[in-house]
Amino acid sequence: MVVAYNPPHEQTASVYATALAQFDRAVRYLNLDDGVAEFLRYPRREFTVNFPVRRDNGKVEMFTGYRVHHNTVLGPSKGGIRYSLAVNLDEIRALAMWMTWKCALVNIPYGGAKGGVVVDPKTLSRHELEGLTRRYTAELIPLISPNMDIPAPDMGTTPQVMAWIMDTYSMTVGYSVPAIVTGKPINIGGSLGRNEATGRGVIACMVEALKGHGSGKSATDTTLVVQGFGNVGSNAASFAHSLGYKVLGVSDVDGGLYNSKGLDMPAVRAYYAEHGTLSGSKLGDEVTNMELLALECDVLAPCAMESQITGKNANKVKAKMIVEGANGPTTPDADDILLDNGVFLVPDILANAGGVVVSYFEWVQDLQAFFWDQEEVYRQLQRAMARSYYNTEATAEEFGVDMRTAAQITAIKRVADALETRGFYP
Ligand code: NAD
């Protein structure tokens with residue numbers, strides 16, 4: 001009998017509960033040993049740090065950060081670092097678990113991890129952000145290394161933040177270690193194509209999904225709405241636009257923009273780059289995020305954050321296909337409603353895996369000190385995404401399940417098989 005891992009200090013409705021509910025749904029189709037299934041529900045390590053940062057006004061302020069290693073059966077753990085006021089251990093634990101399944105699903109030799117600091121990075125000066133990043137990294141030193149755990153960017157963190165992590169780690173060990181982190185700037189060992197990899201991967205999945213589950217419309221007649229205009233959302237919207245798809249709506253935390261004729265994406269990007277918000281652009285009608293999710297369109301790509309499509313608004317979704325750029329944007333009760341409504345959903349651990357795929361390429365390039373050109377990165381990314389998409393689709397057909405359950409079945413089976421081969425220590 002499998003019971004929820006729910007430590008007494010955190011018994012509230014949680015993102016981790018969503019991750020566990022998805023896991024339980026998939027595990028029913030696998031004939032796993034009870035001990036193996038139970039083991040896979042638990043994070044291996046959870047690290048909480050409280051640390052000081054001196055603000056520019058001279059005052060010292062305390063911050064809290066986390067790093068969770070969910071599972072390391074397939075290799076070193078891999079996962080982003082998030083800077084957000086919404087960060088908490090429950091959320092990081094869920095994101096770490098999803099990283100385990102994502103890496104296994106796309107067949108790269110990594111386990112899953114995630115980290116975060118409870119901070120709104122927009123409230124810090126560049127100097128304060130650097131101080132916070134360096135001190136958080138220093139606190140993580142016992143847990144990270146190119147062979148143990150390799151961080152990457154996530155919400156609220158950037159290539160520059162990765163550069164400070166790389167420098168802090170390198171200064172501590174006494175030599176330069178580019179492979180300690182991925183998503184770095186190119187000039188210190190980053191990979192060409194990493195920045196846009198997640199967004200490109202989302203659209204690569206959408207293109208494959210439309211072939212078998214679309215209405216047969218041409219790209220120019222196919223409409224897309226994207227929630228979130230950060231690394232994932234802006235690159236997904238721009239790549240789709242460059243392939244000829246009609247992007248009707250985009251949004252950021254302040255709200256969205258809608259144009260029934262299709263948005264001029266280069267103009268939207270230029271406005272966002274100048275103003276740091278989509279508000280006030282006049283490039284489309286202003287809509288709220290909730291209105292955006294309910295827009296009439298062929299494909300909806302939630303690329304902002306978790307729990308955006310829930311039991312409360314899933315019935316309002318008019319898109320016929322959802323491609324999840326964000327991690328955990330759809331709750332399990334919303335999954336059921338969407339399934340009943342015939343919406344074809346490409347799940348997060350598949351659709352947004354392009355980021356970790358190119359992060360893996362970056363790590364490989366750093367370890368070999370041999371760098372690929374952009375064409376090679378894009379070619380290998382496309383191959384990995386298409387292969388993973390069709391593997392998942394084949395599992396969905398084999399078990400007669402939806403794509404989320406199929407992705408979880410595929411991933412959990414790979415980790416469980418490796419665990420059986422390795423055996424339990426001691
Ligand atoms: P980001 O910080 O670059 O962008 C986040 C975007 O979401 C911003 O436009 C922000 O304004 C918007 N946003 C924040 N809160 C919102 C809200 N409540 N409603 C609507 N919009 C909101 O982050 P990102 O790296 O693009 O990550 C977005 C999502 O994709 C996260 O779930 C992340 O875990 C996931 N993801 C990121 C990567 C990556 O490579 N960066 C890879 C895989 C998955």
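For ligands, and for the atoms within them, numbers begin at 1 and follow the listed sequence. Being a predicted model, the structure only gives us computed values, none of them experimental.
The Gly325 neighbourhood of ligand 1 comprises atoms 30 (O), 35 (C), 44 (C), with distances under 4.0 Å to a heavy atom of that residue. Against a heavy-atom cut-off of under 4.0 Å, Gln227 is close to the following atoms of ligand 1: 19 (N), 20 (C). Of all atoms in ligand 1, numbered sequentially from 1 with element shown, those under 4.0 Å from a heavy atom of Asn289 are 19 (N), 20 (C).
In this structure, Arg93 forms a cation-pi arrangement with Tyr16, its terminal cationic atom sitting closer than 6.0 Å to the ring centre and no more than 45° off the ring axis. Cation-pi contact between Arg200 and Phe239: present, with separation from the ring centre below 6.0 Å and deviation from the ring axis of at most 45°.
For the ligand labelled ligand 1, residue Arg82 lies inside the 4.0 Å heavy-atom shell. Every heavy atom of Ser251 sits 4.0 Å or more from the atoms of ligand 1.
Protein heavy atom in closest approach to atom 12 (C) of ligand 1: Val253 N, 3.8 Å. Considering only non-hydrogen protein atoms, atom 17 (C) of ligand 1 sits nearest to Met305 SD, 3.9 Å. Nearest protein neighbour of atom 8 (C) of ligand 1, counting heavy atoms only, is Gly230 N, 3.8 Å. From the protein, the heavy atom lying nearest to atom 24 (P) of ligand 1 is Val232 CG2, 3.9 Å. Looking from atom 2 (O) of ligand 1 to the surrounding protein, the closest heavy atom is Gly156 N, 2.9 Å. The protein heavy atom nearest to atom 41 (N) of ligand 1 is Asn231 OD1, 3.7 Å. The protein heavy atom nearest to atom 33 (C) of ligand 1 is Asp154 OD1, 3.2 Å. Among protein heavy atoms, the minimum distance from atom 9 (O) of ligand 1 is reached at Phe229 N, 2.9 Å.
Between Leu40 and Ala416, the shortest heavy-atom distance links the atoms CD1-CB, 4.2 Å.
With a heavy-atom cut-off of 4.0 Å, Arg194 touches ligand 1 through its side chain alone. Both the backbone and the side chain of Asn352 come within contact range of ligand 1, each with a heavy atom under 4.0 Å.
With Ser191 as the partner, the side-chain contact (heavy atoms from CB on, under 4.5 Å) test is satisfied by one option alone out of Ile186, Asp366, Val358, Thr182: Val358. Here the rule is side-chain contact (heavy atoms from CB on, under 4.5 Å) with Tyr66, and of Val117, Val49, Val118 only Val118 fits it.
Under a 3.5 Å cut-off, the side chain of Asn341 and the backbone N or O of Val343 do not form any donor-acceptor pair.
At least one N or O atom of Asn327, backbone or side chain, sits closer than 3.5 Å to an N or O atom of ligand 1. Considering backbone and side-chain atoms together, Cys303 places no N or O closer than 3.5 Å to any N or O of ligand 1.
Pairs of residues two or more places apart, or lying in two chains, never qualify as salt bridge (Lys or Arg N to Asp or Glu O under 4.0 Å) while including a residue from residues 242-260.
Few gaps surround NZ on Lys211; more than 12 heavy atoms of other groups in view lie less than 6.0 Å from it.
Between His213 and Glu393, the side chains place a donor N or O and an acceptor N or O closer than 3.5 Å (distance only, hydrogens not considered).
Shown here are the salt bridge (charged side-chain N to carboxylate O under 4.0 Å, His left out) partners of Arg269, two or more places apart in sequence or in another chain: there are none.
Electrostatic pairing of Lys114 and Glu91 does not count as a salt bridge here, judged by no charged N lying under 4.0 Å from a carboxylate O.
Across Thr198, Ile349, Thr157, heavy-atom proximity to atom 40 (O) of ligand 1 is greatest for Thr198.
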